[in-house]
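Taking it in order: structure first as structure tokens, then the write-up.
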Amino acid sequence: MSKHVPIQKPHRSEQVVLTPPAFLEAVKRRLQITNFVWDLAADHTNKVCDACYTEEDDALIQPWNMVPGGWNWLNPPFGHLAPWVSKAYLESLKGAQTAMLVPASVGSTWFKEYVF
């Protein structure tokens with residue numbers, strides 16, 4: 001018996017979602033931090049800390065190392081991840097620390113270029 005897998009609709013799914021609090025707590029424990037200092041892709045209803053970049057702020061053109069030594073949180077829109085992963089990599093070279101919630105797309109170009 002095979003399971004029915006829903007048809008994916010790229011770029012049509014909900015892109016602004018709240019990160020589950022239990023998941024955030026697990027990430028903070030793993031990083032051994034108390035809180036994130038900046039949410040890089042949020043709105044005022046789903047941000048995980050007081051400081052955030054909204055869609056209007058466009059985090060892709062903003063600096064990400066606002067609090068040296070602090071950790072950023074990023075739950076980017078999954079519809080187009082490459083620019084977010086690229087930006088995270090480039091900002092890490094400047095000292096930014098960013099934890100990201102992204103799918104494990106090990107066959108994707110962005111994974112090969114910036115994660116692997």
Side-chain angles (χ1 to χ4, degrees):
M1 178 187 287
S2 66
K3 291 184 178 181
H4 173 71
V5 178
I7 297 172
Q8 293 189 7
K9 300 174 184 170
H11 308 289
R12 292 190 202 158
S13 63
E14 179 63 42
Q15 297 293 305
V16 179
V17 295
L18 178 66
T19 304
F23 182 81
L24 281 169
E25 291 306 314
V27 173
K28 289 190 275 187
R29 278 193 307 275
R30 175 79 171 147
L31 297 174
Q32 299 179 4
I33 62 173
T34 306
N35 286 307
F36 290 100
V37 297
W38 210 278
D39 191 331
L40 300 171
D43 64 30
H44 296 290
T45 65
N46 70 3
K47 63 185 181 176
V48 303
C49 52
D50 290 335
C52 70
Y53 285 143
T54 64
E55 186 174 356
E56 292 78 25
D57 297 321
D58 190 358
L60 294 173
I61 63 170
Q62 303 292 340
W64 288 13
N65 197 19
M66 293 73 60
V67 180
W71 277 89
N72 300 314
W73 174 250
L74 177 56
N75 182 354
F78 283 12
H80 195 54
L81 289 171
W84 293 95
V85 178
S86 172
K87 175 75 171 177
Y89 170 72
L90 294 172
E91 290 293 322
S92 75
L93 298 176
K94 300 174 189 175
Q97 300 180 110
T98 303
M100 299 177 68
L101 174 59
V102 295
S105 300
V106 296
S108 67
T109 303
W110 65 260
F111 192 94
K112 289 177 188 173
E113 290 180 8
Y114 300 107
V115 180
F116 186 67

If you look only at distance, which donor and acceptor atoms sit under 3.5 Å apart when one is on a side chain in residues 85-95 and the other is two or more places apart or in another chain?
unit_1	atom_1	unit_2	atom_2	d
S86	OG	Y114	OH	3.4
K87	NZ	Q62	O	2.8
K87	NZ	E91	OE2	3.0
E91	OE1	W64	N	3.1
E91	OE2	K94	NZ	3.4
S92	OG	Y89	O	2.6

Distance-only donor-acceptor hits, side chain of residues 21-33, under 3.5 Å, sequence neighbours excluded:
unit_1	atom_1	unit_2	atom_2	d
E25	OE2	K28	NZ	2.9

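Shown here is D58, whose CG atom has more than 12 heavy atoms of other residues, nucleotides or ligands within 6.0 Å.
If you take CG on L40 and CG on N72, they are separated by 4.5 Å, rounding to the nearest 0.5 Å. The CG atom of L60 sits 10.5 Å away from the CD atom of E55 when rounded to the nearest 0.5 Å. Residue T98 holds its OG1 atom at 9.5 Å from CZ of F36, rounded to the nearest 0.5 Å. Atoms CH2 and CG, on W84 and N75 in that order, are 10.0 Å from each other to the nearest 0.5 Å. Rounding to the nearest 0.5 Å places CH2 of W38 at 10.5 Å from NZ of K47.
Between A41 and P76 the shortest heavy-atom distance is CB-CA, 4.2 Å. Residues N46 and D39 share a closest heavy-atom pair of O-OD2, 4.1 Å.
When side chains are defined from C-beta on, W73 does not count as touching C52, because their heavy atoms never get closer than 4.5 Å.
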